[in-house]
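Right, one structure below, let's go through it.
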Amino acid sequence: MRIRFLGTHTAESKSTRLVSFLIDDVMAVEAGSLTSELTFSEQQRISTILLSHGHYDHIRAIPSLAFNNSHRTIKVFAIPETLKVLSSSLLNGAVYPNFADSGSYLGKSVLELCPLEFLQPVEVEGYRILPVPVGHSMPAAGFEIASMDGRRLFYTGDTGPDLSDVWEKIQPHHLIAEMTFPNRLAQMARDTGHLCPQSLAGELAAFKRIKGYLPDCTLIHIMPQFEEEIRAEIEKTAKEFHLPIAFASEGDVIVV
Ligand SMILES: [Zn+2]
Ligand SMILES: [Zn+2]
């Protein structure tokens, strides 16, 4: 699977974009920056979007992508709670058409909202998606995404620590994890359902204990104001515990 990172931060600026990445150019995971980072023809290749939860930094570009692709249908997969937030906030018809409603724009629905159930795998465009519950400040899912050639990726979405139950259910070759706060804000990270370098190290240690191996790990969802501090802490932690951790920046491509 070819992963192209479009946005790897929690806040938007000239140099930082909201969270989203593409798998093989056709499946988008999160919708923070799907229009700001892609040409119109690149946007047209996206057939499916997976959303981990309903916070703004993850769903923001859904209406603009729908507007730019109103001649076709794009499937949006998420747990029902996320689809409900999306429908009541960005797709409520108040400031833009409701692109999920056939009566609202050009007489057709541009977006097909597809509910996912936790631990019920679905086949989407040749990928197998397993939604797994994670602990965040609203109902949220992580996704194990398997390609036809048997490669598996796990994306945590926004999550706090205590992921042992998640690790039991997956077997990824690669992990894309969130990394929001520096260690000095560990309590805030826990309270708001996020990770910091020391809690990630604990989760990776649990992964190794449970699974007997460690996947390569790429971090996204960085708060720009703490980025330097977080990077220094991760570098130290990775060295100390021999952990294979890297950061993704906007535009980075990895193959997993
Ligand atoms: Zn969130
Ligand atoms: Zn977020």
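For this chain, numbers begin at 1 and follow the sequence in order. As the structure lists them, so they are numbered: ligands from 1, and atoms in each ligand from 1.
Remark: the backbone N or O of Leu65 is paired with a side-chain donor or acceptor of Asn69 at under 3.5 angstrom. Judged by distance alone, the side chain of Lys108 and the main-chain N or O of Arg72 form a donor-acceptor pair under 3.5 Å. The main-chain N or O of Glu203 is found under 3.5 Å from a side-chain atom of Trp167 such that the two form a donor-acceptor pair.
At a cut-off of 2.8 Å, His136 is counted among the residues with an N, O or S atom near the Zn ion (ligand 1). At least one N/O/S atom of Asp57, whether from backbone or side chain, sits less than 2.8 Å from the Zn ion (ligand 2). The nearest N, O or S atom of His55 is not closer to the Zn ion (ligand 2) than 2.8 Å.
At the Zn ion (ligand 1), the angle from NE2 in His53 to OD2 in Asp158 is 90° when rounded to 10°.
Side-chain contact between Leu22 and Leu6: present, with at least one pair of heavy atoms (C-beta onward) separated by less than 4.5 Å. Residues Thr8 and His221 fail the side-chain proximity criterion, which asks for heavy atoms closer than 4.5 Å.
Closest approach between the Zn ion (ligand 2) and any N/O/S atom of His58 involves NE2.
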